[in-house]
Protein chains: 2
Amino acid sequence: MTTEQVATPRPLRKDAARNRELLIEAAREVFARRGLEASLDDVAHHAGLGVGTAYRHFANKYELASALMERTIETIVSSAQQALLVDDPWEGLVAFLEASLAVQTADRGLREVLMGVHDPQKMAQVHDRLFGPISELLHRAQQSGAVREDADTTDLGFINGMMCTVADMAGDSSPDLWRRYLTMCLDGLRPGGTAFPTAALSEPEFRDAMANHKHILTRTTKDTSAGWDGPPAT
Amino acid sequence: MTTEQVATPRPLRKDAARNRELLIEAAREVFARRGLEASLDDVAHHAGLGVGTAYRHFANKYELASALMERTIETIVSSAQQALLVDDPWEGLVAFLEASLAVQTADRGLREVLMGVHDPQKMAQVHDRLFGPISELLHRAQQSGAVREDADTTDLGFINGMMCTVADMAGDSSPDLWRRYLTMCLDGLRPGGTAFPTAALSEPEFRDAMANHKHILTRTTKDTSAGWDGPPAT
DNA sequence: AGAAAGTGGAGTAGGCACCTCCGTATTAGG
DNA sequence: CCTAATACGGAGGTGCCTACTCCACTTTCT
């Protein structure tokens, strides 16, 4: 066992390694700002590299994005577990939502993955890992009397979705506006509120809804096109 | 003043008139269900007619959609005015939101127009007509002590957006779910809630945000494509 | 220095939405 | 009933856009 390394078959040339890093960093920025609708071409240019280079390193944008997101998703899952360790159940719940949303609102690509815009299966996997902890977080808060009894875990899913919308609407100029509306929603979760006129979705219904909505998000492009009375415009 | 009609230059042939109605009806359904992303081709087929027919009657889908939406938007504006006549300010505010959202959640095309997905100008016009009445509705409620003092008219805009998201997420299978979350948000608007950590957007900021978000919504298509590890799939 | 590895970006492929065109069908009315 | 005027249908043209490939050229490694 000397200094030999058996792991890597071919050590990757110096410039190649550097470019790979550049691509990953560029991808992080581009996907965060513009969502997964950005192309590998975009990422390449943002990194100051040619398209060909991007395609040699990553088969397609999903491979690149998938790797990128994995780590961030891990962060969210673990912050749910962290939150369970907070003594005050209400504070734990709030801390989790804030942490999770801080990450999501700063990264449009991540939002798209979590909302299942591109691949329902990927989203489902993530939800599998989050449902348990979040559910517990909620029940703990309910048992302590901090949250109304008729709140459901799926409500937290919808609150999450609503905050993502606020982030999309507000854009980069007011990156923290969601906190205002989260505060509002959380006040609405406290005991003693108005009776709900509609039942929450069950978990399977929620999964179904998430798997089928698609629609939301997509398209930023250079949309020069006019609008209502535009397209033909002879 | 006999039975003579001076108005129409050419009375439109019987079948043509019938088809025109069929198209309008079909457009209403198709745009409501699939949004303005549906093509005139889609509308034509839904009406059981050929594409050519659709294009003879309407220059493009925007002309058709614009006419269609105009009436509905009128409904919303007038329900804001109606709401000002309700004695209890809180009830008036709630009544307006519910009426307005009932219409919006049932019509995806309308939602897109109101959220400015296609044409910021059209949206701006609508907002011009709504801002006054809504603002008054809110201030009245605040003066009566029913709504917290630090709520802002733009908050109602965001609440509206959030409910549209819920409608998109829930889909046709739970068309009324938004009522649950509206209840929650409204409880959060009552006096005595947690202090907001972020200021509301000013009206100009709100308009800016709405004009620039684009992104949201679009694309339903027959997306056969796989997802994360899919596209190439050789 | 020579071979191996990596690069850039014009160009190809393919999909999709919008719209046109014209042979055929329907209607109006003389 | 017959003809002219009007309307219909839908195959296919056009243009746009995105994903991805290919190869002459550059950089690195030994």
Side-chain angles (χ1 to χ4, degrees), chain A residues 8-23 26-27 30-31 34-65 118 218-234, chain B residues 8-23 26-27 30-31 34-65 118 218-234:
Chain A
T8 50
R10 307 265 157 155
L12 203 56
R13 226 172 67 178
K14 201 165 115 192
D15 55 344
R18 181 182 50 88
N19 287 340
R20 175 171 256 269
E21 286 312 305
L22 284 175
L23 282 167
V30 171
F31 290 149
R34 314 227 330 258
L36 293 196
E37 112 136 353
S39 63
L40 254 194
D41 293 43
D42 292 323
V43 173
H45 288 126
H46 191 74
L49 299 172
V51 195
T53 305
Y55 280 95
R56 197 164 332 88
H57 284 283
F58 306 95
N60 53 58
K61 77 175 159 198
Y62 298 103
E63 184 178 314
L64 177 51
H118 303 279
T218 311
R219 179 111 343 155
T220 301
T221 37
K222 36 271 173 184
D223 211 311
T224 326
S225 76
W228 279 79
D229 298 309
T234 318
Chain B
T8 52
R10 305 268 158 157
L12 203 55
R13 227 172 68 178
K14 202 166 114 194
D15 54 344
R18 182 180 49 88
N19 287 340
R20 175 170 255 269
E21 286 313 305
L22 284 176
L23 282 167
V30 170
F31 289 148
R34 314 227 330 258
L36 293 196
E37 112 135 352
S39 63
L40 252 196
D41 294 42
D42 292 323
V43 173
H45 288 126
H46 190 74
L49 298 171
V51 196
T53 304
Y55 279 94
R56 198 163 331 89
H57 284 282
F58 306 96
N60 53 58
K61 76 175 160 198
Y62 298 102
E63 184 178 315
L64 177 50
H118 303 278
T218 311
R219 178 104 354 146
T220 301
T221 36
K222 34 273 173 183
D223 211 310
T224 325
S225 76
W228 281 79
D229 297 309
T234 318

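Throughout, protein chains are lettered first and strands after them, A, B, ... in sequence-line order, and every chain is numbered starting at 1.
The phosphate of D/dA7 has neither OP1 nor OP2 within less than 4.0 Å of any side-chain N or O from B/Thr53.
With the nearest nucleotide of DNA chain D identified for both A/Leu12 and B/Gly48, B/Gly48 has the one nearer the 5' end.
The listed nucleotides are C/dT20, D/dC20, D/dA7; the one nearest the side chain of B/Tyr55 is C/dT20. Comparing D/dC20, D/dA19, D/dA11 by their nearest atom to the side chain of A/Ser39 picks out D/dA19.
Look at CG on B/Asn60: it is 18 Å from P on D/dG15, rounded to the nearest Å. One atom, CZ of B/Arg56, and another, P of C/dT26, lie 14 Å apart when rounded to the nearest Å. When rounded to the nearest whole Å, the span between CD of B/Glu63 and P of C/dC18 equals 15 Å. When rounded to the nearest whole Å, the span between CZ of B/Arg34 and C1' of C/dC16 equals 13 Å. One interatomic measurement links the two molecules: CD of B/Glu37 to P of C/dA17, which rounds to 7 Å at whole-angstrom precision. When the P atom of C/dT7 is taken as reference, atom CZ of A/Phe58 falls 11 Å away, rounded to whole Å. Distance B/Lys61 NZ to C/dC19 C1': 12 Å, rounded to the nearest Å. A straight line from CG of A/Leu36 to P of D/dT18 spans 15 Å, rounded to a whole angstrom.
Listed by residue number, A/Arg13, A/Lys14, A/Asp15 are the residues of residues 13-23 of chain A with a heavy-atom contact under 4.0 Å to DNA chain D.
To the nearest 0.5 Å, the span separating CZ on A/Arg20 from CZ on A/Arg56 amounts to 11.5 Å. Rounding to the nearest 0.5 Å gives a distance of 10.0 Å between CD of A/Glu21 and NE2 of A/His57.
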Original post:
What do the steps show when you test A/Phe58 against A/Val43 for side chain to side chain contact (heavy atoms under 4.5 Å, CB included), and what is the final call?
Top reply: CA-CA 11 Å; A/Phe58 306 95; A/Val43 173; over 6 Å; no
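Of the possible polar contacts, none joining the A/Asn19 side chain to the A/Leu22 backbone as a donor-acceptor pair under 3.5 Å is found.
Within the 4.0 angstrom heavy-atom criterion, no nucleotide atom of any strand lies near A/Leu40. Across all strands shown, B/His57 has heavy atoms under 4.0 Å from sugar-phosphate atoms exclusively, and none from any base.
Among residues two or more places apart in sequence or in another chain, the side-chain hydrogen bond (donor to acceptor under 3.5 Å, both in side chains) test is passed with B/Thr53 by none. Partners of A/Ala54 under the side chain to side chain contact (heavy atoms under 4.5 Å, CB included) rule, at least two apart in sequence or in another chain, are A/Leu23, A/Leu40, A/Ala44. Partners of A/His46 under the side-chain hydrogen bond (donor to acceptor under 3.5 Å, both in side chains) rule, at least two apart in sequence or in another chain, are A/Glu29. Contacts of B/Asp41 classified as salt bridge (charged side-chain N to carboxylate O under 4.0 Å, His left out), with partners at least two apart in sequence or in another chain: none. With sequence neighbours left out, the salt bridge (charged side-chain N to carboxylate O under 4.0 Å, His left out) criterion links B/Arg13 to B/Asp15.
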Check nucleotides 11-14 of chain C against the protein and report each pair of N or O atoms closer than 3.5 Å, with its distance, or say if there are none.
none

